[in-house]
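What follows is one structure encoded as structure tokens, with my remarks underneath.
By convention here, the first residue in the shown sequence is residue 1.
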Amino acid sequence: MRLYKMELYKICSKRIFYFSALAALAILLLYFWSFVFAAESTVNGVRYTGYQAVKQDREITRAFQGELTDQKVTQIIEKYGFPSGVRDDYNVFLDRNYLNQFIMKGFSDGYFHGADNYHVGTLTYPIAETALGMACAATGKTLILAYSYGWQVFTEVLQVGCVLGMALVLFAVSPVFSEESAVNTRQILFTTKEGLTRDIAAKIAAGLTVAVGVYAVIVLLDFVLVWCVFGLDGLDCFYSQVMDELHFISAWNNYDNAEMDYMRDFIVYYIGACFLGFVETGAIALYFSAHFKSVFQSIVASAMALLVPLLLFMLSSLEGVLFILCQAYLLVLLGIVLMCFIPDTIDRRLSFIARTLCFVLPLAAAYFLRRLFIFYAALPEWLVMRAMYSDWGVFRKGFGWVPLVIFALAVVASIVFIVGSGKKYRRL
């Protein structure tokens, strides 16, 4: 425990950690505040902005909260009317509020696709004739109306917070092993009474604690901010309803897809996926920290490990060589890490064959399975993308095991990186 506390203090006491954490926190707070600042609501001819707009939207929605019926749809339009105000430099109706905008998008003939492409609503449709109504009838689920905008803000802020937090974890954890090698104190540490094994275990535990701790702070801060400003209503609403994707409801698989999932299911998934992303980020940083004797090199290598596959994916087509490389990236990286497990005492030829197989087999697996499994989705940068939830929805019919295998691959990769970091550090 003493070694663990010392290692944790070494990570958290550095100025770069303090300044990076403060910078990430400031950006996160500003990003959250942008949602509050941009809020607008027009109620009975009075236009509200900022926090007052949020309060008004929450108040007017409370009167209609619960199961949405045709009667409520009619009452909302009778009371607040359809949005109609347009301005060239605005990409939404000016005189909207949370209720009449929701009714217009999902239950009327009105739409807004731009200042030169819009139609002011003139009538409402029966809920049963709308895409959302037909989806509810097919799935047997109840359509709930609530002020759920807070959960949309929560997920958007969490996604940005995860990107900032992963960068902070790389800066904080990458020096854990490489710093000792850079200042030539590694051998001294190994001769202490705690020994080699305890020292490595303490470093790994401290690095993972920082990764998990950073994530916990981001989630809790995001949760508290949303709770205080927007409220936490809407967990029983549908994913498409909360994420403003009413025009993308698909009848595929008899509406059993991500768009018709309850928001609470998505929140549980997303929090878990982001957690795995942070653990894997910390594990990758630990491995490259043990692989290099320079702090700068370990930070750059850890950052490239996350950025290169994302760049390959952005530049690739689904049939191109770059996509195959993107698919193979994680498996090849794991194969390289597994080379650390090959004993130095075996014959050189056997060692060469084993190391070659560690590289070739993952590459071959990625090539032949590239159309059957999305290996890249187990990388941290994809785990924290909320849009992956909709993409994974296409696997439900006949391939429901795909998300579970992706999570399992992320867990296995994290374990391999963690154990490999200890193996690599012993051999330096």
Side-chain angles (χ1 to χ4, degrees), residues 4-34 153-180 182 202-226 270-292 294-311 379-386 410 413-414 417-418 421:
Y4 166 74
K5 291 180 179 179
M6 289 175 56
E7 295 296 338
L8 192 60
Y9 176 78
K10 284 169 60 178
I11 296 174
C12 299
S13 62
K14 290 184 173 65
R15 288 186 178 181
I16 188 172
F17 180 80
Y18 279 131
F19 291 133
S20 298
L22 290 175
L25 178 62
I27 294 173
L28 191 64
L29 290 174
L30 287 173
Y31 186 66
F32 174 82
W33 178 252
S34 69
V153 175
F154 176 84
T155 57
E156 293 201 18
V157 173
L158 180 56
Q159 181 172 264
V160 172
C162 285
V163 173
L164 296 171
M166 286 164 65
L168 176 60
V169 168
L170 291 182
F171 278 108
V173 178
S174 292
V176 167
F177 289 114
S178 58
E179 188 176 47
E180 305 293 353
K203 290 179 181 295
I204 292 174
L208 293 178
T209 299
V210 170
V212 174
V214 169
Y215 174 65
V217 170
I218 292 171
V219 172
L220 289 176
L221 178 62
D222 188 12
F223 182 83
V224 171
L225 289 174
V226 170
Y270 194 47
I271 289 177
C274 291
F275 174 79
L276 281 179
F278 267 78
V279 172
E280 191 174 0
T281 299
I284 290 173
L286 285 169
Y287 172 74
F288 284 108
S289 179
H291 190 86
F292 293 98
S294 165
V295 174
F296 177 76
Q297 289 176 341
S298 62
I299 292 176
V300 171
S302 299
M304 294 300 292
L306 299 183
L307 295 178
V308 167
L310 187 60
L311 182 62
L379 286 164
E381 56 269 42
W382 270 276
L383 289 172
V384 302
M385 289 184 183
R386 61 177 192 163
S414 300
F417 283 125
I418 291 170
S421 65

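Within the 4.5 Å cutoff, no side-chain heavy atoms of Val226 are placed close to those of Val157.
Closest of all the heavy-atom pairs between Ala305 and Ile284 is CB-CG2, 4.0 Å. Here the closest heavy-atom approach between residue Glu381 and residue Leu310 is recorded as OE2-N, 4.2 Å. Minimum interatomic distance between Leu383 and Glu280 (heavy atoms only, all atoms of both residues): CD1-OE1, 3.7 Å. Listed here is the closest heavy atom pair of Ile204 and Ser421: CD1-OG, 3.8 Å. In terms of heavy atoms, Phe177 sits closest to Ser289 at N-OG, 2.7 Å.
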Working for side-chain contact (heavy atoms from CB on, under 4.5 Å), residues Leu30 and Ser34: CA-CA 6 Å; Leu30 287 173; Ser34 69; over 6 Å; no
Derivation of the side-chain contact (heavy atoms from CB on, under 4.5 Å) call for Thr281 and Val173: CA-CA 9 Å; Thr281 299; Val173 178; over 6 Å; no
side-chain contact (heavy atoms from CB on, under 4.5 Å) assessment of Tyr270 paired with Cys274: CA-CA 6 Å; Tyr270 194 47; Cys274 291; 3.7 Å; yes
Stepwise side-chain contact (heavy atoms from CB on, under 4.5 Å) check, Leu225 with Val153: CA-CA 10 Å; Leu225 289 174; Val153 175; over 6 Å; no
Ignoring hydrogens and angles, write down the donor-acceptor pairs under 3.5 Å from the side chains of residues 13-28, residues two or more places apart or on other chains.
residue : atom : partner : partner atom : Å
Ser13   : OG   : Tyr9    : O            : 2.6
Lys14   : NZ   : Lys10   : O            : 2.8
Lys14   : NZ   : Glu179  : OE1          : 3.3
Ser20   : OG   : Ile16   : O            : 2.6

Taking only distance into account, with no hydrogens and no angle test, what donor-acceptor pairs under 3.5 Å do side-chain atoms of residues 210-220 form with protein atoms, sequence neighbours excluded?
residue : atom : partner : partner atom : Å
Tyr215  : OH   : Ile271  : O            : 2.5

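The side-chain contact (heavy atoms from CB on, under 4.5 Å) search around Glu156 returns Tyr31, Phe35, Gln152, Arg386, not counting sequence neighbours. In this structure Ser414 satisfies the side-chain hydrogen bond (donor to acceptor under 3.5 Å, both in side chains) test with no other residue, sequence neighbours excluded. Qualifying ring-ring contact (aromatic ring centres under 6.0 Å, His included) partners for Phe275, counting only residues two or more places apart in sequence or in other chains: none. For Phe154, the ring-ring contact (aromatic ring centres under 6.0 Å, His included) partners at least two apart in sequence or on another chain are Trp151. Residues passing the side-chain contact (heavy atoms from CB on, under 4.5 Å) test with Ala206, sequence neighbours excluded: Tyr4, Glu7, Leu8, Ile11. Under the side-chain contact (heavy atoms from CB on, under 4.5 Å) criterion, Leu311 pairs with Leu315, not counting sequence neighbours. With sequence neighbours left out, the side-chain contact (heavy atoms from CB on, under 4.5 Å) criterion links Ile299 to Phe171, Ser174, Val295.
Pairs engaging residues 211-226 under the salt bridge (charged side-chain N to carboxylate O under 4.0 Å, His left out) rule: none recorded [sequence neighbours left out].
Note: Phe288 and His291 have perpendicular aromatic rings, judged against thresholds of 30 and 60 degrees for the angle between ring planes.
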